[in-house]
Protein chains: 2
Amino acid sequence: VPAAFADRWIRGSRRLGHPLCVGIDPHLALIPTAFRSGAMSPGAKDTATAVERWCLALLDRVAGRVAAVKPQSACFEALGPAGLEVLAHVLGEARARGLLVLLDAKRGDIGSSAEAYAAAYLAEGAPFACDALTVNAYLGLDTLEPFVAAAAGSGGGVFVVLRSSNPGARDLQDLPAPTQPVYERLAAALGTKAALLRGPETEWSGLGVVVGATWPEQSRRVREILPRSLFLVPGYGAQGAGARDAVAGFLPGPDGRPEGGLVSSSRAIGFPPEGRDADALGWERAVDRALDAAIADLTATLRRGRT
Amino acid sequence: VPAAFADRWIRGSRRLGHPLCVGIDPHLALIPTAFRSGAMSPGAKDTATAVERWCLALLDRVAGRVAAVKPQSACFEALGPAGLEVLAHVLGEARARGLLVLLDAKRGDIGSSAEAYAAAYLAEGAPFACDALTVNAYLGLDTLEPFVAAAAGSGGGVFVVLRSSNPGARDLQDLPAPTQPVYERLAAALGTKAALLRGPETEWSGLGVVVGATWPEQSRRVREILPRSLFLVPGYGAQGAGARDAVAGFLPGPDGRPEGGLVSSSRAIGFPPEGRDADALGWERAVDRALDAAIADLTATLRRGRT
């Protein structure tokens with residue numbers, strides 16, 4: 001069994017000095033000209049091949065520079081069965097490049113269906129093996145158990161959506177229930193389970209939570225409730241949140257630098273506007289610049305946040 | 001564009017006289033002896049072939065006897081890329097046999113990711129085209145829009161999980177928020193959208209909700225809040241709820257017989273104990289008997305419920 005996900009993430013991000021995680025969201029309409037082939041229709045085999053080329057080229061840019069990538073399952077599913085073959089290949093190629101892979105699939109179901117999802121993504125020998133998976137807990141805490149059990153057995157992580165980055169996050173997550181909002185109640189309920197995926201080296205827990213960068217105040221409240229759970233923080237970059245908001249739930253690590261989460265950026269890295277109609281080399285340079293900028297932004301913010 | 005999902009379902013189930021929908025949940029450990037091949041390991045190609053044979057044989061048993069089937073996506077994902085090829089094939093074969101297909105995938109995400117899921121399952125020409133999809137609304141009402149828009153364009157249905165059939169349904173769905181539980185608040189919020197997927201013929205709406213058969217009292221409350229939304233009712237049969245509880249949210253149709261939902265049964269139909277180690281013909285007979293029994297049980301219950 002590999003080390004616990006939380007230890008692997010914290011170790012990697014400490015070494016690199018930043019918490020950036022690059023999202024891999026191959027929306028067909030955004031695939032740069034240099035990678036396109038033909039009409040790019042969802043069912044076509046050469047469309048899947050074009051998407052795969054872009055994914056692998058992006059992995060080559062980010063390997064060694066970030067500790068984790070976050071593929072978005074929806075984009076691969078939209079390509080049909082050929083897209084799922086690409087996903088399996090990309091997951092393997094990312095891990096072969098030393099990247100941690102957090103699959104963003106927001107899965108959740110009851111009993112034997114949850115077990116099947118855990119077998120698909122988190123169990124030892126899973127066909128879509130990843131290091132961590134995002135899950136949805138609306139169906140109840142019992143529905144998390146198969147995911148946590150599989151992750152405990154494989155050194156994996158599980159990230160429960162608490163507070164999504166969209167405006168509609170308010171609709172259910174903020175309902176007063178009755179003395180604190182639903183997402184805080186969910187956070188409190190997860191607290192008792194966090195020990196199950198705690199990394200012995202760093203004492204961070206890989207039973208993490210998704211808290212959008214667009215909600216810094218809520219991030220701080222969740223951090224009070226869950227002092228050692230990793231945060232997955234979407235919404236940094238293209239969705240408009242800055243680095244300070246993205247690390248609002250971080251806590252000082254051993255050297256004083258704040259840590260405790262993955263800050264995810266997708267479009268800003270993989271689809272930089274200057275790379276859209278450039279040749280392959282032009283796209284690579286644009287990605288490298290975008291990566292440099294995000295890393296510098298986060299590093300400077302964390303340096304200022306040093307205690 | 002085909003007719004609205006709600007009209008197609010109500011028309012089909014009125015003709016057959018019952019609301020049974022058969023779940024297709026190919027858990028590897030349950031595949032009957034007659035269909036097994038070799039060691040049945042998730043990654044193996046012949047395992048996917050064995051699962052496909054069972055799925056197609058089950059479709060042959062239920063075609064013409066039920067109006068809809070409900071494949072469980074998790075079971076196909078657990079088989080890896082080959083399993084998703086089987087899923088696409090089974091979806092097409094079910095529709096070719098005149099069955100409505102409600103894919104149970106509990107998808108949900110924000111913005112462009114929700115759009116990608118809608119493109120994968122509900123849009124015109126989707127690679128995993130189905131007639132309706134289960135979705136999770138925890139991330140907010142804005143996250144439902146791409147699903148509803150795609151369904152409106154393709155004559156599809158969308159079933160939002162309100163009240164799952166498991167014991168843990170209480171954890172979040174029952175939180176007092178503050179004058180009514182979360183699931184009732186969600187039901188109320190869906191009310192304004194139900195008209196978007198209303199069938200002109202029957203006036204039922206294909207913006208449906210999932211309400212477990214294990215919660216009859218809650219079903220009646222949801223029915224008051226959502227008078228014309230179809231219910232998808234899991235938990236009948238193997239999960240222990242009887243026919244009376246399963247139709248608790250139904251309302252009298254034009255001939256007085258209660259209608260307004262799909263009552264789903266998976267294991268009890270596809271994996272009858274007497275069929276487990278029988279030959280193919282023995283399994284077929286066991287499935288036919290299980291189907292007869294469930295249909296008779298529901299038909300008798302609805303006859304007693306006639307106004």
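Computed over heavy atoms, backbone and side chain alike; hydrogens, waters and symmetry mates excluded. First the proteins, then the strands, lettered A, B, ... as listed; each starts at 1.
- Counting heavy atoms of neighbouring residues, nucleotides and ligands inside a 6.0 Å radius, atom CZ of B/Arg95 exceeds 12 of them.
- Proximity to chain A (any heavy atom under 4.5 Å) is restricted, for B/Ala88, to the side chain, taken from C-beta onward.
- The contact between A/Leu79 and chain B is made entirely by backbone atoms, counting heavy-atom distances below 4.5 Å.
- Here the CZ atom belonging to B/Arg267 is positioned 4.0 Å from the OG atom belonging to A/Ser112, to the nearest 0.5 angstrom.
- Both the backbone and the side chain of A/Glu85 come within contact range of chain B, judged by heavy atoms closer than 4.5 Å.
- The shortest non-hydrogen separation linking A/Ser164 to B/Ile110 is CB-CG2, 4.2 Å.
- Here the shortest heavy-atom pairing between A/Ala78 and B/Ala116 reads CB-O, 3.5 Å.
- Between A/Asn136 and B/Leu139, some side-chain heavy-atom pair lies under the 4.5 Å cut-off.
- Contact of B/Phe76 with chain A is not made at all, since no heavy-atom distance falls under 4.5 Å.
- When side chains are defined from C-beta on, B/Thr134 does not count as touching A/Asp109, because their heavy atoms never get closer than 4.5 Å.
- With rounding to the nearest 0.5 angstrom, the CG atom of B/Asn166 is 6.5 Å from the OG1 atom of A/Thr143.
- For the residue pair A/Tyr138 and B/Leu162, the shortest heavy atom distance occurs at OH-O, 2.8 Å.
- Most heavy-atom pairs under 4.5 Å with chain A: of the set B/Gly140, B/Ala120, B/Pro127, B/Pro81, this distinction falls to B/Pro81.
- For chain A, the nearby parts of B/Asp142 are the backbone and the side chain; heavy atoms of each come within less than 4.5 Å.
- The CD atom of A/Glu115 lies 10.5 Å from the SG atom of B/Cys75; values are rounded to the nearest 0.5 Å.
- Neither the backbone nor the side chain of A/Pro234 comes within contact range of chain B; no heavy atom of the residue lies under 4.5 Å from a heavy atom of that chain.
- Distance check: A/Leu172 CG to B/Tyr183 OH gives 14.0 Å after rounding to the nearest 0.5 Å.
- Contact detail for A/Ser113 and B/Ala74: the closest heavy-atom pair is O-CB, 3.4 Å.
- Both the backbone and the side chain of B/Glu77 come within contact range of chain A, with heavy atoms under 4.5 Å apart.
- Heavy atoms closer than 4.5 Å to chain A are found in both the backbone and the side chain of B/Tyr117.
- Contact of B/Arg107 with chain A is made through the side chain alone, with heavy-atom distances under 4.5 Å.
- B/Pro167 touches chain A through backbone and side chain together, each having a heavy atom under 4.5 Å away.
- Looking at B/Leu28, there are no atoms closer than 4.5 Å to chain A (heavy atoms on both sides), in backbone or side chain.
- For the pair B/Leu141 and A/Asp171, the tightest heavy-atom approach, listed with the atom from each and the gap, is N-OD2, 2.7 Å.
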